[in-house]
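Keep in mind that the numbers below use all heavy atoms, side chains included, and drop hydrogens, waters and symmetry copies. Remember, predicted model here, so these are calculated numbers, not experimental data. All chains are named by letter (A, B, ...) in the order of the sequence lines, taking the proteins before the strands, and each is independently numbered beginning at 1.
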Protein chains: 2
Amino acid sequence: MRVVIASCSVDYSGRLDAHLPQATRLLMVKADGSVLVHSDGGSYKPLNWMSPPCRLTVAEPDDADAGQGVREVWTVQNTKSDDKLVVRIHDVVADHSVDLGVDPGLVKDGVEAHLQKLLAEQIDLLGPGHQLVRREFPTAIGPVDIMAKDSGGASVAVEIKRRGDIDGVEQLTRYLALLNRDPLLAPVQGVFAAQEIKPQARVLATDRGIRCLVLDYDAMRGLDDVDSRLF
Amino acid sequence: MRVVIASCSVDYSGRLDAHLPQATRLLMVKADGSVLVHSDGGSYKPLNWMSPPCRLTVAEPDDADAGQGVREVWTVQNTKSDDKLVVRIHDVVADHSVDLGVDPGLVKDGVEAHLQKLLAEQIDLLGPGHQLVRREFPTAIGPVDIMAKDSGGASVAVEIKRRGDIDGVEQLTRYLALLNRDPLLAPVQGVFAAQEIKPQARVLATDRGIRCLVLDYDAMRGLDDVDSRLF
DNA sequence: GTATTGATCTCGCCG
DNA sequence: CGGCGAGGTCAATAC
């Protein structure tokens, strides 16, 4: 990785055109040739950038640029599309190159997939006597997160979200409409399960006869840990 | 801005939990206290980060950490939520502080929204006598970019793209199918408007009775400037 | 203020 | 390789 702090102006052209007037910024050149232009604020998103696969070439400024005080012109050309980033470098404050090696990568936890796994393991959270049929139950319009049967043997379709929103209820509604046309499954009861259910979503779900279930992730994970230790 | 290159391990807890094992990375501390952790690959997104508003505090390692070779422990605490980032610094390769000043900011141009706004203002580009009904005309499957009426009062639905591709034609086709089922609107004529229309897209559109309109962005912007100056 | 939508989205999964 | 869904989405705009 190369890190350059320099005053520069930047032009991007591709899916849109964008221009950054001259100012002092941080330029990050990664091992794959991608370039990030950061200012001293904003979010984690750079002001401007070029994603890999791309190629960085450095050239001398033409007379017009040189007259404006440009010392170097970087051209970062995407090798798949015609996206192009041009960085005109004026004064360089710092220039460091470091070999970082390959990053071991991020370990994530707490995503929807984990909630699904935990609920499948703790299926009686749906109610006493429930049995897991399968996770990612396939249908023509996509997989249902969890399919189960209640204590009476009736089908239960569960849609799981971290944040239960209107969209999730709509999704489950589409599944239920489809599943209930299958005489082998019907009637299918719907359960909308999430760590947090928005009021609008709860109203819509209730109106459609869908049961809402708030999942306590920490408690579920705690039980999972106990299970892991016991067995 | 402060840029530190150091071997470190990182833990995030908040909306999810994530952990980065020890490796050499670039740490960026911005003026607002936000912190970005970058590796030498990926895209513009950092491996891990803390968004403002937040506060960075630096502490000595406890005995356990010190025994692992930790020299400093950075705690970045979001001041609005309970999101927290902990960076354990081992060996520091480089450490630079620079005053970048306030960035003049990005000037974007040619984005779809701008094209939409310009076309709405210059609606007769669709043909003489056309009238704007509204931008972002709502339908059950999403908003149509522009709805208009031609000189004879017939409905015209316009889909706008910067680069006109097959996808855009498909999208417009779906809108037209829906709109034409509404007896108050039907028959609805389709117009596919873009700065550049790919040959495949043009063939598909023509085949479906959709009119193609190439937008001259510079000319439209020029007219807009003239308007701004005149009125 | 909240809600919705686009993004040079990015990122991961699964076919 | 493409499609689809989720994101610690972020950020801008309409309401």
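Heavy-atom neighbours of A:Asp99 CG from other residues, nucleotides or ligands within 6.0 Å: at or below the threshold of 12.
Take the nearest nucleotide of DNA chain D for B:Leu47 and for A:Lys80: the residue whose nucleotide is more 5' is A:Lys80.
Computed from coordinates, the B:Glu159 CD to C:dT5 P distance equals 14 Å when rounded to whole Å. One can place CG of B:Asp145 at 15 Å from C1' of C:dT4, the figure rounded to the nearest angstrom. As a whole-Å value, the separation of B:Leu115 CG from C:dT8 C1' is 15 Å. Look at CG on B:Leu106: it is 10 Å from P on D:dA12, rounded to the nearest Å. Between the P atom of D:dA11 and the CG atom of A:Leu16 lies a distance of 16 Å, rounded to the nearest Å. In this structure, OH of A:Tyr12 is placed 12 Å from P of C:dA7, rounded to the nearest angstrom.
Straight-line distance between the C1' atoms of C:dT5 and C:dC9: roughly 13 Å, to the nearest whole Å. Across C:dT4 and C:dT8, the matching P atoms stand 22 Å from one another, rounded to whole Å.
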Between protein and nucleotides 13-15 of chain D, what N or O pairs are separated by less than 3.5 Å?
unit_1: D:dC15; atom_1: OP1; unit_2: B:Arg134; atom_2: NH2; d: 3.4

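Between B:Lys161 and B:Asp145 no salt bridge is recorded (no basic side-chain N to carboxylate O distance below 4.0 Å). Salt-bridge annotation for B:Asp11 and B:Arg88: present, with a side-chain N of the basic residue lying under 4.0 Å from a carboxylate O of the acidic one.
Looking at A:Leu215 and A:Leu118, their side chains never come closer than 4.5 Å, going by heavy atoms from C-beta outward. A heavy-atom distance below 4.5 Å is not found between the side chains of A:Asp62 and A:Val73. Put simply, the side chain of A:Val3 does not reach to within 4.5 Å of the side chain of A:His38, judged on heavy atoms. Looking at heavy atoms from C-beta onward, A:Val35 lies out of side-chain contact with A:Met28 at the 4.5 angstrom threshold. The side-chain heavy atoms of A:Leu26 and B:Val98, taken from C-beta on, include no pair separated by under 4.5 Å.
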Open item on the list: Return a single string for nucleotides 10-15 of chain C, one symbol per nucleotide in 5' to 3' order, where B is base contact, S is sugar-phosphate-only contact and - is none, cutoff 4.0 angstrom on heavy atoms.
Closed with: SS----
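For the side chain to side chain contact (heavy atoms under 4.5 Å, CB included) with B:Ile210, the lone residue among B:Val191, B:Leu176, B:Leu204 that qualifies is B:Leu176. Exactly one residue among B:Val86, B:Leu85, B:Val76 makes a side chain to side chain contact (heavy atoms under 4.5 Å, CB included) with B:Val10. That residue is B:Leu85.
Within residues 26-40 of chain A, no residue places a heavy atom under 4.0 Å from DNA chain C.
Checking side-chain atoms of B:Arg25 against main-chain N and O of B:Cys8 turns up a donor-acceptor pair under 3.5 Å.
Within the nucleic acid shown, A:Met50 has no heavy atom closer than 4.0 Å to any nucleic acid atom.
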